[in-house]
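Worksheet: one structure, shown below.
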Amino acid sequence: MKIATWNVNSLKIRLPHVLDWLAEHRPDALCLQELKQEEKAFPFAELEAAGYHAVVNGQKTYNGVAILTPAAATDVVRDIPGFADEQKRIIAATVDGVRVICGYFPNGQAVGSDKFDYKMRWLAALTEWVGAEMARHPQLVLTGDFNIAPEARDAHPDWKDEIHVSAPERAAFEALTALGLVDAFRLFEQPERAFSWWDYRMMAFRRNFGLRIDHILVSPALRAACRACSVDKAPRRLERPSDHAPVVLTLER
DNA sequence: ATGCCAGCTTAGAGCTGA
């Protein structure tokens with residue numbers, strides 16, 4: 001079973017890349033973030049022609065998430081239950097017995113800003129809910145654009161901003177791992193300076209000036225089934241790429 | 001210190017992203 005996450009930075013623009021990637025990799029679940037479109041604009045027909053169903057939590061201009069699967073996913077939840085939020089950042093569904101939570105975590109803009117406060121409140125609410133989901137669904141994957149580089153090695157040494165690498169953000173990430181979730185990427189040997197996002201500016205991709213902020217976390221019941229996890233940099237090299245690359249987990253099941 | 005790029009928006013320069 002193959003589960004992947006990809007922040008596409010506008011599905012309208014990136015649909016050709018997504019269709020090509022689906023054809024090449026045939027994932028059992030592809031979690032998308034930053035659709036930047038409402039569900040009524042979502043390309044259901046094009047994806048269906050490619051052999052994929054979709055569950056969508058859409059929003060115009062900003063945010064928006066979806067899970068693509070070969071067969072229809074079940075038990076869909078949109079947004080964090082009990083957390084009042086205008087922003088469409090969460091969708092969860094069950095895929096072949098695995099609970100898949102797809103999240104577009106808040107950016108936070110700058111440590112100490114209102115947006116940072118929102119990020120921290122959002123993370124607290126998410127963590128409480130994910131704990132409850134894990135109790136209901138022992139086989140669970142939490143994936144998406146976390147907008148947190150969990151450790152020093154997950155950011156280029158020249159990254160100077162505090163955002164994405166600050167102590168409170170890293171503590172929030174550790175609160176998720178304290179639930180028992182494991183960063184699947186770190187179960188396997190990886191290249192030095194392995195990142196999943198590179199700024200469009202300053203030739204950042206060419207210089208590999210990036211961050212690893214897109215993650216796939218697995219519950220204890222899935223840990224032993226993990227066979228591989230890697231960043232696929234190929235789509236970042238295409239014309240008009242997203243600024244993020246997909247991250248892919250292979251499970252033996 | 002700011003813009004550098006990219007995508008969005010009831011069309012435009014401004015916001016947001018990371």
Side-chain angles (χ1 to χ4, degrees), chain A residues 5-19 31-43 56-66 85-90 102-123 126 143-173 183 185 193-216 231 233 235-247:
Chain A
T5 182
W6 193 3
N7 179 324
V8 291
N9 184 22
S10 166
L11 184 57
K12 180 182 174 183
I13 299 294
R14 229 66 64 195
L15 181 61
H17 290 9
V18 171
L19 292 172
C31 297
L32 300 177
Q33 303 90 38
E34 282 208 85
L35 306 178
K36 299 187 175 183
Q37 64 186 356
E38 294 179 299
E39 182 162 2
K40 65 187 179 191
F42 190 87
V56 180
N57 191 8
Q59 183 180 339
K60 197 175 176 180
T61 312
Y62 302 117
N63 312 311
V65 288
D85 192 357
E86 299 295 305
Q87 305 186 30
K88 303 304 185 186
R89 297 182 173 277
I90 284 287
C102 167
Y104 173 49
F105 294 34
N107 175 302
Q109 200 167 61
V111 175
S113 66
D114 288 349
K115 286 176 180 163
F116 188 80
D117 292 342
Y118 164 70
K119 181 176 193 172
M120 299 311 296
R121 287 189 293 108
W122 190 94
L123 283 161
L126 175 80
T143 188
D145 176 0
F146 284 52
N147 272 314
I148 301 171
E151 298 178 56
R153 60 181 168 166
D154 298 316
H156 190 281
D158 294 338
W159 181 262
K160 295 302 179 204
D161 287 342
E162 279 192 292
I163 197 66
H164 309 303
V165 302
S166 73
E169 290 165 275
R170 285 178 168 166
F173 187 90
D183 182 352
F185 190 76
R193 298 187 184 179
F195 306 128
S196 65
W197 169 85
W198 303 262
D199 201 302
Y200 284 120
R201 299 164 291 185
M202 305 174 292
M203 295 182 291
F205 183 68
R206 219 174 68 181
R207 297 188 294 126
N208 194 33
F209 183 78
L211 300 171
R212 192 177 71 92
I213 53 179
D214 300 272
H215 305 300
I216 304 178
V231 176
K233 292 171 79 169
R236 188 64 176 79
R237 299 190 184 96
L238 300 172
E239 292 288 316
R240 267 193 120 175
S242 169
D243 43 355
H244 295 252
V247 182

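Just so it is clear, the values below take in all heavy atoms, side chains as well, and ignore hydrogens, waters and symmetry mates. Keep in mind the model is a prediction, meaning the values are calculated, not measured. Proteins come first, then strands; the chains are lettered A, B, ... in the order of their sequence lines, and each starts at number 1.
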Quiz item: In whole Å, what separates the P atom of B:dA11 from that of B:dA1?
Solution: 35 Å

Practice problem: Take atom CZ of A:Arg206 as the centre, draw a 6.0 Å sphere, and report whether it contains more than 12 heavy atoms from other residues, nucleotides or ligands. | Solution: no

Quiz item: If you pin A:Tyr200 and A:Trp197 to their nearest nucleotides in DNA chain B, which one's is more 5'?
Solution: A:Tyr200

Exercise. Using a heavy-atom cut-off of under 4.0 Å over every strand shown, decide if A:Ile163 touches base, sugar-phosphate, or nothing.
Key: nothing

Practice problem: For B:dA18 versus B:dG7, give the span between their C1' atoms, rounded off to a whole number of Å. | Solution: 14 Å

Quiz item: Touch check for A:Asn63, heavy atoms < 4.0 angstrom, all strands: base, sugar-phosphate only, or nothing?
Solution: nothing

Quiz prompt | Enclosure of A:Glu162 CD (heavy-atom neighbours >12, cutoff 6.0 Å) | solution = no

Exercise. At the 4.0 Å heavy-atom cut-off to chain A, mark where contacts on DNA chain B begin and end, going 5' to 3'.
Key: B:dC4 to B:dA18

Quiz item: Are A:Tyr62 and A:Gln87 close enough that some pair of their side-chain heavy atoms sits under 4.5 Å apart?
Solution: no

Quiz item: Contact class for A:His156 vs. all strands (heavy atom < 4.0 Å): base, sugar-phosphate, or nothing?
Solution: nothing

Exercise. Between B:dG14 and B:dT10, how far apart are the C1' atoms? Round to whole Å, please.
Key: 15 Å

Self-check item: Electrostatic pair A:Asp158:A:Arg207 at N-O distance under 4.0 angstrom
Solution: no

Quiz item: Pick the nucleotide of DNA chain B nearest each of A:Lys36 and A:Asp199; which residue has the one closer to the 5' end?
Solution: A:Lys36

Exercise. With heavy atoms under 4.0 Å as the rule, sort A:Phe205 into base, sugar-phosphate or nothing.
Key: nothing

